[in-house]
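A quick write-up on the structure given underneath.
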2 protein chains.
Amino acid sequence: MAQQTEAVRRTPLTRDRVLRAAVALADDIGIEALSMRKLAKELGVVPMALYKHVSNKEQLLDGMVDVVMGEIDPPAPGSNWKSTVRHRILSARRAFLGHPWAAQVIQSRSSPTPVVLAYMDSVIGMFRTGGFSVDLTHHVMHALGSRMMGITQELFDAPPAPRAQTAPSQEDAGEYPYVMELAGAVAHDEDSVLGRGCDDQFEFEFALDLLLDGFERLRQQGWSSAGHLRGKTP
Amino acid sequence: MAQQTEAVRRTPLTRDRVLRAAVALADDIGIEALSMRKLAKELGVVPMALYKHVSNKEQLLDGMVDVVMGEIDPPAPGSNWKSTVRHRILSARRAFLGHPWAAQVIQSRSSPTPVVLAYMDSVIGMFRTGGFSVDLTHHVMHALGSRMMGITQELFDAPPAPRAQTAPSQEDAGEYPYVMELAGAVAHDEDSVLGRGCDDQFEFEFALDLLLDGFERLRQQGWSSAGHLRGKTP
DNA sequence: ACCTGAACACCGTTCAAGT
DNA sequence: ACCTGAACACCGTTCAAGT
């Protein structure tokens, strides 16, 4: 035990080892509990030692995102743009699902790392190769937003459920009748795609396919933003 | 000056005054800089005095979101579901745009406040009244996600721009050719909807309308998730 | 030259001592 | 009963002193 600890300590600290330890620690204790001090302790190192490999916590978070991005499968060349984009995005989703904190972290960053930029470049390339104009590709990328990384834009972890503290009383049913109707259907309807609760993967693919189908329709129409100038008068 | 300070101090501290001061302070210094201690100082009060009105910082953030939600226009009844939903969402967007920190905060909450629940209820009601089945409405709400509040799921503040530190060199153009092509078009194309940079409002409405149109198509088809069971074999 | 302990300037929140 | 100062257990990061 003491030997193992020493062996671990003997392994020289590298940027890569710091980042991988940070990812593992965030997976374990959550991102809000992750601190430079705890990470240092985990690595058997004094807090200041980390600053030789990451210049500050911001850069640590950037590096952690890059580690997660590294788990995304390389693009699989396919015959049509839609399946290629779809597979890539669902692969990114798999990577991000393995690290629940990563979605939140990447959206808190102010600029993309080179690794993220490379991923975006590959997705943009799939649209361009698939016959999308530069103009349409631009709007399409905005419409995808973080969904491009397989990240769902849910508002809450469990949307149509009243706060845990408040028991779902008659009062709630009266105040939020539509929310209650939906929640009831989700809980009961065994014949639909929903078992207990929601099938997140189904919801993600539902929205993704709705968007991709919309993109394809616009592409076929030769859509251009030129017809939609700022004043909105055609 | 000292008189005014005293007058402010004389005004009794209420939950409402605490929340409004917190919103103003977050607007001013940013959400990451907002602390209980700074908020207390702003109100001319000792930090502990805040805890009489909000039980902790989490509840303060919940309350701040509720203040922003209060700026959303009441639902304007319209003839068709699409324009009603569209107007409500764009009104929410206006409220959230006035408080740039609010989008991030609402997505960090784990359960909706009653105020948020009431908003969701009204949106769900618009779909149900507009002829959407409970089943379709459920998936549609998931597909909207945080866009229901007018919140864009952009990945970064300025997506296709390399880090500020790194000058956009030839190297970048070689490594991210598609990103550069897009960035170039966005910067130059004066005839399209894009002036310098992106028109966020246009991008938001582009994606929203794409989704709403998709929803309408599914509604007309009488779409149901029953045909899309878990195994994906119809 | 490298490494690191102590220190600085903060946090959110508890708690006991004051009124 | 209410209010509040001091204290606790943390942060990220600087910096000067040690090797």
Side-chain angles (χ1 to χ4, degrees), chain A residues 5-19 21-65 101 104-106 108-111 113 165, chain B residues 5-19 21-65 101 104-106 108-111 113 165:
Chain A
T5 305
E6 258 188 54
V8 168
R9 194 177 291 143
R10 201 178 307 277
T11 313
L13 208 61
T14 60
R15 184 182 154 86
D16 193 66
R17 242 169 57 78
V18 169
L19 296 182
V23 167
L25 191 56
D27 289 348
D28 204 31
I29 65 175
I31 194 70
E32 73 290 339
L34 178 77
S35 73
M36 298 296 276
R37 291 165 120 107
K38 281 184 198 161
L39 177 56
K41 185 171 280 179
E42 194 72 14
L43 286 161
V45 145
V46 85
M48 273 309 299
L50 299 176
Y51 286 80
K52 287 278 111 158
H53 303 99
V54 288
S55 57
N56 52 36
K57 197 181 182 183
E58 298 281 292
Q59 203 188 301
L60 177 78
L61 293 172
D62 274 341
M64 290 169 69
V65 167
W101 47 268
Q104 178 186 332
V105 169
I106 198 173
S108 73
R109 306 307 46 231
S110 57
S111 55
T113 66
Q165 295 85 344
Chain B
T5 304
E6 260 188 53
V8 167
R9 193 177 293 144
R10 201 175 308 275
T11 313
L13 209 57
T14 60
R15 183 181 154 87
D16 194 66
R17 240 169 58 79
V18 168
L19 295 182
V23 166
L25 191 55
D27 288 349
D28 203 31
I29 66 174
I31 193 70
E32 73 290 338
L34 177 78
S35 72
M36 298 296 275
R37 291 164 120 109
K38 280 185 198 161
L39 177 57
K41 184 171 280 178
E42 195 72 14
L43 285 161
V45 146
V46 86
M48 274 308 299
L50 299 176
Y51 286 80
K52 289 278 111 160
H53 303 98
V54 288
S55 58
N56 52 35
K57 198 182 181 183
E58 299 283 290
Q59 203 188 298
L60 176 78
L61 293 172
D62 275 341
M64 290 168 69
V65 167
W101 48 267
Q104 179 186 329
V105 169
I106 199 174
S108 74
R109 309 297 60 224
S110 57
S111 56
T113 67
Q165 294 86 343

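Sequence lines set the chain letters: A, B, ... in the order given, protein chains first and strands last, and positions in each chain run from 1.
- Contact between the side-chain N/O atoms of B/Lys38 and the OP1/OP2 oxygens of C/dC11 is found at a separation under 4.0 Å.
- The partner of D/dG18 is C/dC2, judged by Watson-Crick or G-U wobble contacts that both fall below 3.5 Å.
- Spacing between atom NZ of B/Lys52 and atom P of D/dT4 amounts to 10 Å, rounded to whole angstrom units.
- Here C/dG12 is the nucleotide among C/dG12, D/dG12, C/dT4 with the atom lying nearest to any side-chain atom of B/Lys57.
- Looking only at side-chain heavy atoms (C-beta outward), B/Asn56 and B/Gln59 come within less than 4.5 Å of each other.
- Atom CZ of A/Arg37 is separated from atom P of D/dC10 by 10 Å (rounded to the nearest Å).
- Computed from coordinates, the A/Glu58 CD to D/dT13 C1' distance equals 13 Å when rounded to whole Å.
- Of the possible polar contacts, none joining the A/Lys57 side chain to the A/Met36 backbone as a donor-acceptor pair under 3.5 Å is found.
- Using atom P as the reference point in both D/dC8 and C/dG18, the two lie 16 Å apart (nearest Å).
- Closest to the B/Val46 side chain, of the nucleotides D/dG12, C/dC3, D/dG5, is D/dG5.
- To the nearest 0.5 Å, atom CD of residue A/Glu58 and atom CG of residue A/Leu60 are 10.0 Å apart.
- The distance from atom CE of A/Met36 to atom C1' of D/dT14 is 13 Å, rounded to the nearest whole Å.
- Rounded to an integer number of Å, the gap from A/Leu39 CG to D/dC10 C1' is 16 Å.
- Counting any heavy atom pair closer than 4.0 Å across all strands shown, B/Met48 reaches a base atom.
- Distance B/Tyr51 OH to D/dA6 C1': 15 Å, rounded to the nearest Å.
- In plain terms, the two heavy atoms of A/Ala22 and A/Leu34 that are nearest each other are O-CD1, 4.1 Å.
- For the pair A/His53 (side chain) and A/Val18 (backbone), a donor-acceptor distance under 3.5 Å is absent.
- Nucleotide D/dT13 is matched to C/dA7 when pairs are restricted to Watson-Crick or G-U wobble geometry with both distances under 3.5 angstrom.
- Picking from C/dT4, D/dC11, D/dG5 the nucleotide with the shortest atom distance to the side chain of A/Ser35 gives D/dC11.
- At whole-Å resolution of the value, CD1 in A/Ile29 and P in D/dC10 are 12 Å apart.
- Nucleotide D/dG12 holds its C1' atom 11 Å from the CG atom of A/Leu50, rounded to whole Å.
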